[in-house]
Structures are given as structure tokens and as C-alpha cells.
Amino acid sequence: MKIKFLSFIASFFMVSFVITSCLDDDNNIEYSPDATIHAFELDTIGGYGVKYKFTIDQLSCEIYNEDSLPVHADTIIDKILIKTLTTASGVVTMKDKSGNDSVLNINDSIDLRKPLTIKVWSTEALAGISPNQTKEYTIKVNVHNYDPDSLRWKYMNKIDDQIVGEQKSIIWGNEVFTYSVVGSQLYAYKNSLTNFGSWNRIEIEGLPAGKLPTSIITFQFDGSNAMLYATSDDKVYESEDGINWEASTKFGDGVELLLATLTNKDVSRICYIKKGADGQRYFYYQTNNEQQETLETYNEGKVPANFPTKNISYTVYESATNIKSVLLVGDTETATLADDSELETTIVWGYDGNKWVEFSTTSSVAYCPKYTQPSIIYYNDLVYIFGQDFSSIYVSNQGLFWKKANAKFSFPHRDWSKGGTPNPSVDPEFRGKTNYSMVLDPDTQNLWIIFSKGNARFEEEVEKEESTKATTTETHTYEHGSEVWRGRLNQLWFDLANAKK
């Protein structure tokens with residue numbers, strides 16, 4: 001960087017002061033004590049083509065950008081121009097390699113990867129009238145440490161290596177409950193979402209012994225407290241604490257699955273499936289203000305043969321007209337194929353409070369592949385689906401047309417070419433894992449995934465010869481413990497941090 005020595009500038013002002021002092025009073029020059037920066041702007045940030053606004057904090061003497069630059073922008077601001085730097089005197093200095101104050105030339109590039117201290121000189125200070133009339137500022141360019149479009153995953157701890165089979169999780173209050181059968185006993189493992197620590201294992205009372213509920217859901221009828229409801233042996237059970245359960249009198253017998261809850265215009269409904277005496281499954285619902293089993297009128301309430309029958313996962317999204325709807329997936333008893341091929345797919349079912357609609361696609365291009373135990377979430381204004389195997393995540397705007405999610409929005413996958421086995425703390429791997437449960441914390445937008453202890457197996461296509469780009473399929477197997485993971489989109493982390501959440 002080319003910089004001019006301050007001594008020359010100061011000498012000019014001192015000589016000017018001597019000359020003007022010999023002139024008539026009418027010709028005296030008034031020197032300003034102003035040593036502040038009035039405007040600051042950097043040149044356009046490289047290939048991003050964006051101008052970032054900088055704040056000048058006169059009290060703390062700091063200049064900074066509130067909106068951080070994209071990750072890796074430090075490779076751009078290592079040599080950047082200061083486009084605007086306005087002061088009363090127009091003289092700003094920085095320390096040179098010898099530690100002397102030298103005038104900053106904004107026509108030369110500057111390295112702002114680290115905070116830079118500059119000094120503003122008033123004309124009084126330059127003229128020698130008031131040498132201390134200067135002010136130092138620190139310029140700091142904030143750059144994101146993480147890509148806002150990426151999912152950031154953190155290994156939390158183990159839940160209990162005795163959990164080796166199926167499990168179900170639900171958020172109740174500010175805690176997460178994970179239910180699993182160990183030996184012949186059903187247990188709940190609970191942990192705080194706001195003060196996450198060790199897991200507390202509690203034996204369940206009141207539910208059929210040794211059986212994992214087929215569904216668990218929360219709902220509140222008018223005049224009652226919010227309750228947990230679960231299905232087991234075609235009956236509904238209820239609980240206020242998630243530990244002690246009893247048969248519910250709010251539902252009749254034959255309830256196989258609790259599907260979803262939906263609230264619009266202050267009316268909430270709970271939807272479920274009952275099997276009739278004819279062996280046919282039927283859709284029923286109740287509302288918070290009318291505790292009465294009501295058969296869905298659409299298609300005489302009959303449940304289609306390809307509707308999910310277990311491992312239900314649902315999410316609620318709000319349309320542009322402020323109407324909420326349910327999107328639901330799960331395991332089915334029949335194959336679900338794309339209309340123009342033999343490709344097996346995961347079909348999403350939508351519910352607007354009036355009827356269930358199959359969101360099947362007629363395209364073998366824009367479909368969601370078949371997942372076992374699929375999970376669906378509405379996240380950052382998009383719909384995502386994943387499931388056992390954890391090799392990919394698919395994304396959609398409304399749940400109809402699907403594509404593979406951006407590589408940044410993915411699960412931890414390790415490089416197997418380096419050998420060894422996965423270590424969740426430093427070298428994690430999700431692929432091939434099966435028994436799991438998932439919950440999404442609506443307050444923090446944290447996605448929690450809990451794995452049972454087990455053996456994982458998956459196939460991976462790898463490059464065989466670099467010269468020909470030929471590939472081969474490799475099979476990987478490994479053992480893993482009962483891992484607990486928390487993930488969140490970085491952009492949401494930034495937004496919530498700014499909102500003090």
C-alpha cells in the first residue's frame with residue numbers, strides 16, 4: 001500500500017497557521033476541532049456484487065457491518081478498496097510497518113481480514129493548535145463463519161445403549177420424550193430442550209406392557225388441560241405427564257392411529273383412523289369445542305388402500321391465504337409407484353380440514369423416492385422428507401413436485417477412503433442407520449434425531465479410476481451407539497440469534 005508521511009501534511013498546516021497569523025483578522029482561517037468520520041463505504045464485495053452498509057458508532061469508535069458477509073468472503077476482503085471515507089480534515093492515518101502514523105490512501109487496496117485501527121486528525125491537530133484533537137476508530141468487517149444455507153449438526157450424547165429397536169419421540173412442554181421397549185418393559189427417556197443434559201429413564205405405567213404405542217400426539221379439548229394421547233391395541237390412552245397413562249373415554253374402541261391435529265380460525269381438530277366391523281378403515285375427527293366422534297364425509301370416510309398405516313409423520317404449513325394444512329407421510333401396506341414408471345415413491349397426503357388428498361406425482365422425474373419410516377418437516381418455508389438409510393433429503397415447495405435437496409442441506413457423511421470407523425464426535429456418519437425418531441422444536445427450529453444402538457449397512461458408488469471416471473459400488477458396515485443429534489439451518493441460527501432466541 002502506498003502511504004504518504006504525516007509529517008509533510010502536518011508541516012503544511014503549521015506553515016499555513018504561521019502565515020495566516022501574520023495577516024489581518026479578516027483573513028484568519030478557522031481550524032476545525034472535528035476529528036470524526038462522517039461516512040464510510042467499501043467497494044462492491046467481489047463476485048457477490050453487493051454493497052454492505054456500515055455503521056459508524058461514534059461512542060465506541062467502531063465501524064462495522066451489521067449484516068455479515070457470506071462465508072469465505074475473507075478471500076475477497078484481503079485486498080479491497082475503501083470507496084468512501086469522509087472527515088472534516090480529510091486526513092486519516094494508520095500505523096506503518098515502523099509504527100509511525102502515515103496517511104491512508106484509499107485509492108490503494110487494504111487488508112480487512114482483521115480489525116484495522118485508523119486515526120482521524122482534526123485541522124487543529126494538524127496545525128499544532130490542539131495536538132490531541134484526534135480520534136481513533138476500529139474498522140471491523142464481519143464475515144459469517146458458517147454457510148447460511150447449510151445444516152449444522154452437533155452430536156449431543158448417548159441416550160441409552162439398551163435402546164436397540166423401534167422408538168417414538170414427542171415434545172411435551174419444554175422436554176423431549178423418547179419411548180422404547182427395553183426387554184419386556186416400556187420406558188420413557190426424557191430430557192430438557194432448554195437445558196439439555198443427561199437422559200432420565202422412567203418406567204411407563206398404564207399402557208399395554210412391552211408394546212410401543214403405534215402413535216402419540218398432543219391435543220387440548222375445551223375445558224380440559226392439554227394432554228398426550230397414544231394408541232395401543234386399538235385403544236386410545238391419555239396422560240398429563242407422559243409417564244402415567246389411562247384409557248381415554250374421549251374415543252371409542254377400534255382406533256388404530258392418531259394422525260394429526262390442525263387448527264384454523266380458533267377451531268382445532270384431531271384426526272384419526274378407526275377400523276369398522278366390516279374390516280374397512282375410516283377417517284374420524286373431533287374438534288376442541290365439540291367432543292364427538294365424527295365420520296369424514298369425503299368418500300364416505302373410507303381410508304384409501306395406499307394410505308399410511310404406521311410410523312406416521314406429519315407437519316403443518318400455512319398457505320398464502322393464512323389457511324393451515326397438514327402434510328402427512330408414513331409406511332404403507334401397498335406399493336406406491338410413480339404413474340409413468342415402476343419407481344416406488346413416498347406419497348404425501350394433504351388435509352385442509354375437509355378431506356384427505358393424495359399428492360401423488362405423474363412424473364418419474366419430480367418424485368420423492370421410497371423411504372422406510374419417512375419423516376416430513378416444514379422448514380424455512382420448504383417441505384423436506386427423509387427416512388431410514390439417511391443417504392439423502394428431498395425438498396418441495398408444496399409437497400407435490402420433489403427434487404434432491406442442495407448438498408449443503410444434508411446429513412453427516414464421512415470419507416470412507418481414509419479407513420477406520422465412524423466417530424460421532426469427530427468423524428460422523430448417518431448413512432445406513434435404521435431405528436430412529438425425530439422431533440422439530442418449533443421455538444428454536446432445532447431438528448432432533450435420536451438413533452437406537454445398532455448395526456448400519458449401506459452401499460456407496462465411488463470413483464474407481466480417475467482417468468476414466470469409472471465407478472464401482474462399495475458396501476460399508478459399522479456399529480453405532482444410541483446417538484442423539486441436533487441440527488439447524490445456519491440461516492435460522494442467525495435469524496434467531498438476532499431475535500435473541
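Just so it is clear, the structure is predicted and the values come from calculations on it, not from any experiment.
The salt bridge (Lys or Arg N to Asp or Glu O under 4.0 Å) contacts involving residues 409-418 comprise Arg414-Asp427, Lys418-Asp427, where partners must be two or more places apart or lie in separate chains. For residues 385-408, every residue pair satisfying the salt bridge (Lys or Arg N to Asp or Glu O under 4.0 Å) rule, not counting sequence neighbours, is listed here: Asp147-Lys408. For residues 257-275, the pairs satisfying salt bridge (Lys or Arg N to Asp or Glu O under 4.0 Å) are Glu256-Lys275, Lys274-Glu293, with sequence neighbours left out.
Residues Tyr229 and Tyr272 keep their aromatic ring centres 6.0 Å or farther apart. Between Tyr314 and Tyr351, the distance from one ring center to the other does not fall under 6.0 angstrom. Aromatic ring centres of Phe411 and Phe390 lie closer together than 6.0 Å. Aromatic ring centroids of Trp153 and Phe430 lie under 6.0 Å apart. Between Phe221 and Phe219, the gap from one ring centroid to the other is short of 6.0 Å.
Residues meeting the side chain to side chain donor-acceptor pair (under 3.5 Å) test with Gln388, sequence neighbours left out: Gln373. With sequence neighbours excluded, no residue forms a salt bridge (Lys or Arg N to Asp or Glu O under 4.0 Å) with Asp253. With sequence neighbours left out, the side chain to side chain donor-acceptor pair (under 3.5 Å) criterion links Lys114 to no other residue. With sequence neighbours excluded, no residue forms a salt bridge (Lys or Arg N to Asp or Glu O under 4.0 Å) with Glu474. The side chain to side chain contact (heavy atoms under 4.5 Å, CB included) check on Asn289 picks up Asp222, Val267, Thr287, with sequence neighbours excluded. Applying the side chain to side chain donor-acceptor pair (under 3.5 Å) criterion to Asn311, with sequence neighbours excluded, gives Asp331. Remark: Glu41 engages Lys51 in a salt bridge (Lys or Arg N to Asp or Glu O under 4.0 Å) (not counting sequence neighbours). Thr194 is linked by a side chain to side chain donor-acceptor pair (under 3.5 Å) to Ser192, counting only residues two or more places apart in sequence or in another chain.
Side-chain contact between Pro308 and Leu328: present, with at least one pair of heavy atoms (C-beta onward) separated by less than 4.5 Å. A heavy-atom distance below 4.5 Å is found between the side chains of Tyr371 and Tyr394. Counting heavy atoms from C-beta on, the side chains of Leu228 and Trp245 come closer than 4.5 Å.
The nearest pair of heavy atoms linking Glu203 to Ile243 is O-CG2, 3.7 Å. When all heavy atoms are compared, the tightest approach of Leu489 to Tyr379 is N-OH, 3.0 Å.
For the 3.5 Å distance criterion, the side chains of Tyr436 and Ser375 qualify, holding a donor opposite an acceptor. For Asp352 and Ser325, the side-chain atoms include no donor-acceptor pair closer than 3.5 Å. Checked by atom type, the side-chain pair Asn299/Trp356 shows no donor-acceptor distance below 3.5 Å.
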Could you go through residues 446-454 and list every donor-acceptor pair under 3.5 Å that involves a side-chain atom there, pairing it with any protein atom two or more places apart or in another chain?
unit_1: Asn446; atom_1: ND2; unit_2: Thr444; atom_2: OG1; d: 3.0
unit_1: Ser452; atom_1: OG; unit_2: Gly165; atom_2: O; d: 2.7
unit_1: Ser452; atom_1: OG; unit_2: Gln167; atom_2: NE2; d: 2.7

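Side-chain N or O atoms of Asn200 include none that pairs as donor or acceptor with a backbone N or O of Lys190 at under 3.5 Å.
Results of the side-chain hydrogen bond (donor to acceptor under 3.5 Å, both in side chains) test with Trp416 over Glu429, Glu460, His476 single out Glu429 as the only residue that passes.
We find that Asp233 and Lys235 are not joined by a salt bridge, their nearest charged nitrogen and carboxylate oxygen being 4.0 Å or further apart. Ion pair Lys310/Glu166 not flagged as a salt bridge, since none of the NZ, NE, NH1 or NH2 atoms sits closer than 4.0 Å to an Asp/Glu carboxylate oxygen.
Using cut-offs of 30° and 60° on the angle between ring planes, the pair Tyr282 and Tyr284 is perpendicular.
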For Leu69 and Tyr52, run side-chain contact (heavy atoms from CB on, under 4.5 Å): C-alpha distance rounded to whole Å, both residues' side-chain angles, the deciding distance at 0.1 Å, then the answer.
CA-CA 8 Å; Leu69 272 60; Tyr52 284 79; 3.9 Å; yes
